[in-house]
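Here the structure comes first, spelled out in structure tokens, and everything after it is commentary.
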2 protein chains.
Amino acid sequence: MYQKKIPEVLDCGIAVAVKVIGGKWKAWIIDCIRRGVARPSAIHREMEVVNPRIINLHLKELEEMGIVYKEIFAEVPARVEYRLTTVGRSLLPVINVLEQWGNENKEYVNGHHAEYILGNN
Amino acid sequence: MYQKKIPEVLDCGIAVAVKVIGGKWKAWIIDCIRRGVARPSAIHREMEVVNPRIINLHLKELEEMGIVYKEIFAEVPARVEYRLTTVGRSLLPVINVLEQWGNENKEYVNGHHAEYILGNN
DNA sequence: CAGGACAGGGAAAAATTTATCCCTGTCCTG
DNA sequence: CAGGACAGGGATAAATTTTTCCCTGTCCTG
């Protein structure tokens with residue numbers, strides 16, 4: 001893994017939350033697992049546009065942060081399943097809020113808003 | 001500005017939200033403005049650990065996304081103030097949720113949790 | 001005038017994240 | 001046995017973000 005040269009600033013709650021879901025594909029991965037897409041290969045299939053290697057890296061980070069848990073079954077063709085930890089599940093409402101806001105405002109944010117909307121402030 | 005070579009995937013609401021607050025200092029900047037720290041130099045003072053150049057870049061992005069609005073007063077030593085647009089203000093509850101989750105879980109996320117917490121799933 | 005606050009940005013480097021390529025294994029099925 | 005699914009990772013490149021350094025102006029105050 002990459003060794004950081006600039007120490008992270010993680011006293012702020014927002015920074016912590018962004019660290020957890022700020023990765024390019026992390027939220028999507030969490031969403032997969034929450035929907036029960038648990039096995040690595042299944043996640044890879046779901047997220048076909050993303051390189052499997054990347055997904056694995058993100059999964060490892062999520063595991064190290066205690067968001068997902070990796071269960072390795074002692075079966076013959078060793079099976080692996082990811083699931084959310086308690087803390088990981090506590091993240092779901094947060095993701096829902098993000099998703100809702102994003103969906104409500106995606107056109108605006110990406111759009112050509114020469115017209116800025118100002119309210120009373 | 002940097003010209004992207006890989007097109008962004010912004011159909012997903014989460015991706016949009018992360019784009020808005022995922023930058024390293026964006027949420028902090030938004031927090032400054034929401035607290036009324038409006039002038040560039042004031043924001044720079046608040047965020048002393050961050051290079052002013054970076055703050056300016058992030059401000060520009062936030063402006064382009066329609067989250068903040070830049071008001072240039074036609075005064076003699078041209079004064080500039082940033083404030084949140086309506087959409088920018090709609091982001092505040094979202095940030096609050098992020099911040100609360102982060103504060104509640106920062107020790108856990110950064111901590112040495114060899115002990116993964118699993119609930120019923 | 002000297003110095004500092006103020007707003008802003010170019011150029012280039014460094015740091016970090018993301019992506020690509022390809023390899024090592026095991027096991028199961030046809 | 002051949003091929004494919006499965007889990008995983010090293011090495012390296014590319015893309016993106018962040019940082020540093022330094023420059024251009026205006027205006028105001030001592």
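Residue numbering restarts at 1 for every chain, and letters A, B, ... go by the order of the sequence lines. Values below: every heavy atom of this structure, side chains too, minus hydrogens, waters and symmetry copies.
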Which of these nucleotides, [options], is closest to any side-chain atom of [X]?
X	options	result
B:Lys24	D:dT19, D:dT16, D:dA7	D:dT19
A:Ile54	C:dT17, D:dG8, C:dA19	C:dA19
B:Arg53	D:dC21, C:dG8, C:dT16	D:dC21
A:Tyr82	D:dG8, C:dT20, C:dG8	D:dG8
A:Lys4	D:dC6, C:dT17, C:dA7	C:dT17

Establish, with yes or no, whether the OP1 or OP2 oxygen of [N] is under 4.0 angstrom from a side-chain nitrogen or oxygen of [X].
X	N	value
A:His58	C:dT18	yes
A:Arg79	D:dC6	no
B:Arg45	C:dC6	yes
A:Lys60	D:dG8	no
A:Trp25	C:dA19	yes

Between [N] ([atom2]) and [X] ([atom1]): distance, integer Å:
X	N	atom1	atom2	value
B:Trp28	D:dT18	CH2	P	14 Å
A:Glu63	D:dA7	CD	P	14 Å
B:Tyr2	C:dA11	OH	C1'	16 Å
B:Asn51	C:dA13	CG	P	17 Å
B:Leu59	C:dG8	CG	P	9 Å
A:His44	D:dA7	NE2	P	8 Å
A:Asn56	C:dC22	CG	C1'	15 Å
A:Ile43	D:dA5	CD1	P	18 Å

Could you tell me the Watson-Crick or G-U partner of [N], where both distances fall under 3.5 Å? Say none if there is no partner.
N	result
D:dA11	C:dT20
D:dA5	C:dT26
D:dC21	C:dG10

For this session: With DNA chain C as reference, determine whether A:Pro7 or A:Pro77 sits nearer its 5' end, using the nearest nucleotide of each.
Result: A:Pro7
For this session: Determine, stepwise, if the pair A:Glu61 / A:Lys26 fulfils salt bridge (charged side-chain N to carboxylate O under 4.0 Å, His left out).
Result: CA-CA 9 Å; A:Glu61 285 180 52; A:Lys26 290 221 180 69; 3.2 Å; yes
Exercise. Base, sugar-phosphate alone, or nothing: which one does A:Lys70 contact when heavy atoms must sit under 4.0 Å apart?
Worked result: sugar-phosphate
For this session: Under 4.0 Å between any heavy atoms, over every strand shown, what does B:Ile6 touch: base, sugar-phosphate, or nothing? Just pick one.
Result: sugar-phosphate
Problem set entry | Note: B:Arg79-B:Glu71 ion pair, threshold 4.0 Å (strictly below) | no
For this session: Examine B:Arg83 relative to B:Tyr69 and say whether NZ or CZ is less than 6.0 Å from the centre of the six-membered ring and inside a 45° cone about the ring axis.
Result: no
Exercise. Where do A:Lys70 and A:Glu81 land on the salt bridge (charged side-chain N to carboxylate O under 4.0 Å, His left out) test, with the steps shown first?
Worked result: CA-CA 6 Å; A:Lys70 178 183 187 176; A:Glu81 284 189 8; over 6 Å; no
Exercise. Hey, which of these two, B:Val49 or B:Gln3, hits DNA chain D nearer its 5' end, going by closest nucleotide?
Worked result: B:Gln3
Exercise. Between B:Pro40 and B:Tyr82, what is the shortest heavy-atom contact and its length?
Worked result: CG-CE1, 3.8 Å
For this session: Return yes if a side-chain donor-acceptor contact under 3.5 Å exists between B:Asn56 and B:His44, otherwise no.
Result: yes
